[in-house]
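Residue numbering restarts at 1 for every chain, and letters A, B, ... go by the order of the sequence lines. Values below: every heavy atom of this structure, side chains too, minus hydrogens, waters and symmetry copies.
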Amino acid sequence: MKQFSIECTDFPDALIAWFKVHGRKLPWRATRDPYAILVSELMLQQTQVSTVLFYFDRWMQLFPSTESLARATENEVLRAWQGLGYYARARNLHRAAQVIFWELKNRFPDSIAELKRLPGVGEYTAGAVLSFAFDRPAPIVDANIARVISRIEDIRENIDRSTGRKTIWGVAARYARHGAPRLSNSALMELGALICLPRNPLCKLCPVRSYCRTPDPESLPVRNNRPAVTHVIENYYLALDQNRLLLQMNLGRRWRGLWTLPRLSETPPDGPVASLTHPVTRFVVHLNLYKIAVPAELLPSHEWHFIKDLHSVPIASPHRRVLEMVGPLQASLRAGG
DNA sequence: AACGCGGGGTA
DNA sequence: TACCCAGCGTT
């Protein structure tokens, strides 16, 4: 039977000893409230720690419990999430709180299977809640841990493919059998965040370098190539009527529940009053804003909003940014964060 | 088993 | 610009 160095008790012990000294004090590490942990995990999906800090703190003040979040309106929830992106996460978290509070009578799920039934909770997030909140052994593999494990074990399978992912999760599962799940999962993740960096890993500072099998850490993990970027031009119009601004509610999948500027199908003769370039996923969007007279016909999704109330309206970030460029709207957009 | 999500920060 | 990030849901 193949013996992995990760099974030696020395490895987790060395890692945890390092983590206790060098691990960051993050707000979601200072609590064992499963709701707070769940909030942090949803926010941290595909989003870096430094970005989440501000949103997490404000969210926990606005919605300190499953009950307060379950009772909130979708508009309030999306407004609190505004700027964090991937808004499906906000709706998932909202629905998860409603399921826990009403359907589960506010008893927080405490098994992988139950947690995965919550919207927005997959294998990773379920394991994170179980280990961080309940200190129960559960493997987790995020981008950090995938990188650490692939290097420690010199795994050269593509981690974007199912076989490669299976290999990594298998190692993580062996690792999770050792005690202190909260500490060991946190430590593994933190090693990836602080030492075992994607580029220029700090191997000379690594507390477990003697266990590391790869001769070439920077080549790992092996991942798919990124698709080429596609350039897109999008035109919108600025319609002001006295102290009101016309916005459009998104009803499709993209930005559902968020307001954007009303879409303009053709390019007007006069130049835009504001423009910005907005890279997102595999697109680069060139967004143009044209000033037009009050439109003759409004769509059902169109609605006038008082400019003084814009701070409480969830608006997609690029649209909020291009509106800030226009000038007189700045104060209303920024008030209330 | 891929792919879309069309976000945001950093080197 | 390219790349990365405490992934998930859908097809």
Side-chain angles (χ1 to χ4, degrees), chain A residues 23-24 26-29 36-56 81-93 95-96 115-133 138-148 158-166 168-169 172 182 185-194 196-201 218 221 223-232 234 250 252-256 258 260 277-287 315-321:
Chain A
R24 293 167 293 179
L26 300 173
W28 43 89
R29 285 181 181 157
I37 304 287
L38 184 68
V39 170
S40 73
E41 291 303 337
L42 269 288
M43 287 187 170
L44 286 160
Q45 286 169 6
Q46 295 292 283
T47 307
Q48 297 184 347
V49 166
S50 57
T51 306
V52 168
L53 286 170
F54 164 78
Y55 285 90
F56 177 77
W81 202 274
Q82 201 272 312
L84 205 47
Y86 289 139
Y87 298 92
R89 296 181 296 170
R91 279 191 300 278
N92 287 338
L93 180 56
R95 278 159 48 216
L115 283 162
K116 280 175 75 174
R117 281 189 214 117
L118 298 173
V121 178
E123 195 70 35
Y124 163 78
T125 304
V129 172
L130 209 58
S131 59
F132 296 150
I140 56 173
V141 176
D142 71 322
N144 288 308
I145 295 181
R147 188 168 59 251
V148 169
N158 185 332
I159 66 158
D160 286 333
R161 305 183 70 85
S162 58
T163 55
R165 265 197 289 256
K166 206 171 162 186
I168 300 286
W169 275 91
R182 180 188 299 119
N185 276 348
S186 301
L188 204 51
M189 202 174 274
E190 194 75 336
L191 187 73
L194 299 183
C196 198
L197 304 174
R199 285 162 295 189
N200 306 317
E218 291 199 63
R223 306 192 61 175
N224 285 348
N225 292 324
R226 299 271 160 168
V229 299
T230 305
H231 288 261
V232 178
E234 293 183 356
N250 290 268
R253 287 182 54 186
R254 172 180 160 190
W255 285 329
R256 183 198 297 270
L258 269 74
T260 52
T277 299
H278 161 231
V280 56
T281 62
R282 64 184 196 84
F283 297 96
V284 175
V285 179
H286 305 272
L287 195 161
I315 300 172
S317 288
H319 293 244
R320 188 171 284 273
R321 287 212 312 277

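- At whole-Å resolution of the value, CZ in Arg226(A) and P in dC5(B) are 15 Å apart.
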Subject >> Full working for side-chain hydrogen bond (donor to acceptor under 3.5 Å, both in side chains) between Arg89(A) and Asn92(A) >> reply: CA-CA 5 Å; Arg89(A) 296 181 296 170; Asn92(A) 287 338; over 6 Å; no
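- Between Trp28(A) and Phe56(A), the ring centre distance stays below 6.0 Å.
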Could I get a table of every N or O pair under 3.5 Å where one atom is in the protein and the other is in nucleotides 7-11 of chain C?
| from | atom 1 | to | atom 2 | distance (Å) |
| --- | --- | --- | --- | --- |
| dG7(C) | OP1 | Ala143(A) | N | 3.1 |
| dG7(C) | OP2 | Gln46(A) | N | 3.2 |
| dC8(C) | OP1 | Gly122(A) | N | 2.8 |
| dC8(C) | OP1 | Thr125(A) | N | 3.0 |
| dC8(C) | OP1 | Thr125(A) | OG1 | 2.7 |
| dG9(C) | OP1 | Gly120(A) | N | 2.4 |
| dG9(C) | OP1 | Val121(A) | N | 3.4 |

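- The distance between atom CE of Met43(A) and atom P of dG8(B), rounded to the nearest whole Å, is 13 Å.
- Here Trp255(A) does not reach the OP1 or OP2 of dC5(B): none of its side-chain N or O atoms lies under 4.0 Å away.
- Heavy atoms of Gly83(A) sit under 4.0 angstrom from primed sugar atoms or phosphate atoms, though from no base atom.
- When distances are taken from the side chain of Arg282(A) to each of dG4(B), dT1(C), dG7(B), the shortest belongs to dG4(B).
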Polar atom pairs (N or O), protein with nucleotides 9-11 of chain B, under 3.5 Å:
none

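- Considering every non-hydrogen atom in both Leu287(A) and Pro318(A), the closest pair reads CD1-CB, 4.1 Å.
- Along DNA chain B, the nucleotide nearest to Phe283(A) and the one nearest to Arg165(A) differ in position, and the one closer to the 5' end is contacted by Arg165(A).
- With rounding to the nearest 0.5 Å, the separation of CG in Asn144(A) from CG in Leu188(A) is 9.0 Å.
- Just one residue in the list Glu234(A), His231(A), His278(A) forms a side-chain hydrogen bond (donor to acceptor under 3.5 Å, both in side chains) with His286(A), and that residue is His231(A).
- The distance between atom CG of Asp160(A) and atom P of dC3(C), rounded to the nearest whole Å, is 13 Å.
- Only one option out of Gln46(A), Gln45(A), Met43(A) pairs with Tyr86(A) in a side-chain contact (heavy atoms from CB on, under 4.5 Å); it is Gln46(A).
- Among the nucleotides dC5(B), dA6(C), dT1(C), the one closest to any side-chain atom of Trp28(A) is dA6(C).
- Where Pro279(A) and Val49(A) each meet DNA chain C at their nearest nucleotide, the meeting point lying more 5' is that of Pro279(A).
- Contact check for Val148(A) versus Met189(A): no side-chain heavy atoms found under the 4.5 Å cut-off.
- One interatomic measurement links the two molecules: CG of Leu42(A) to C1' of dG7(B), which rounds to 15 Å at whole-angstrom precision.
- Residue Asn250(A) comes nearest to Trp255(A) through the heavy atom pair CB-O, 3.0 Å, listed as atom of the first residue, atom of the second, then distance.
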**OP:** Give the C-alpha distance, both sets of side-chain angles, the deciding distance and a yes or no for salt bridge (Lys or Arg N to Asp or Glu O under 4.0 Å) between Glu123(A) and Arg165(A).
**Re:** CA-CA 12 Å; Glu123(A) 195 70 35; Arg165(A) 265 197 289 256; over 6 Å; no
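- The residue His286(A) sits apart from the nucleic acid: no heavy atom pair falls under 4.0 Å.
- Look at CE on Met189(A): it is 18 Å from P on dC4(C), rounded to the nearest Å.
- Atom OH in Tyr55(A) sits about 9 Å away from atom C1' in dG8(B), given to the nearest Å.
- Using a 4.0 Å heavy-atom distance criterion, Glu234(A) is classed as a base contact.
- Counting to the nearest Å, the P atom of dA1(B) and the CG atom of Asn158(A) are 13 Å from each other.
- Residue contacts for Leu26(A): at a heavy-atom cut-off of 4.0 Å it reaches a base atom on one of the strands shown.
- Within 4.0 Å of Arg223(A), counting heavy atoms only, lie sugar-phosphate atoms of the nucleic acid but no base atom.
- Every residue was checked against the salt bridge (Lys or Arg N to Asp or Glu O under 4.0 Å) condition with Arg282(A), not counting sequence neighbours, and none meets it.
- Look at the P atom in both dC8(C) and dG9(B): the space between them is 22 Å, to the nearest Å.
- The phosphate of dA1(B) (OP1 or OP2) has a side-chain N or O of Ser162(A) nearer than 4.0 angstrom.
- Rounded to a whole Å, the CG atom of Asn225(A) is 12 Å from the C1' atom of dA2(C).
- OP1 or OP2 of dA1(B) has not a single side-chain nitrogen or oxygen of Arg161(A) nearer than 4.0 Å.
- No side-chain heavy atom of Thr125(A) sits less than 4.5 Å from a side-chain heavy atom of Leu115(A).
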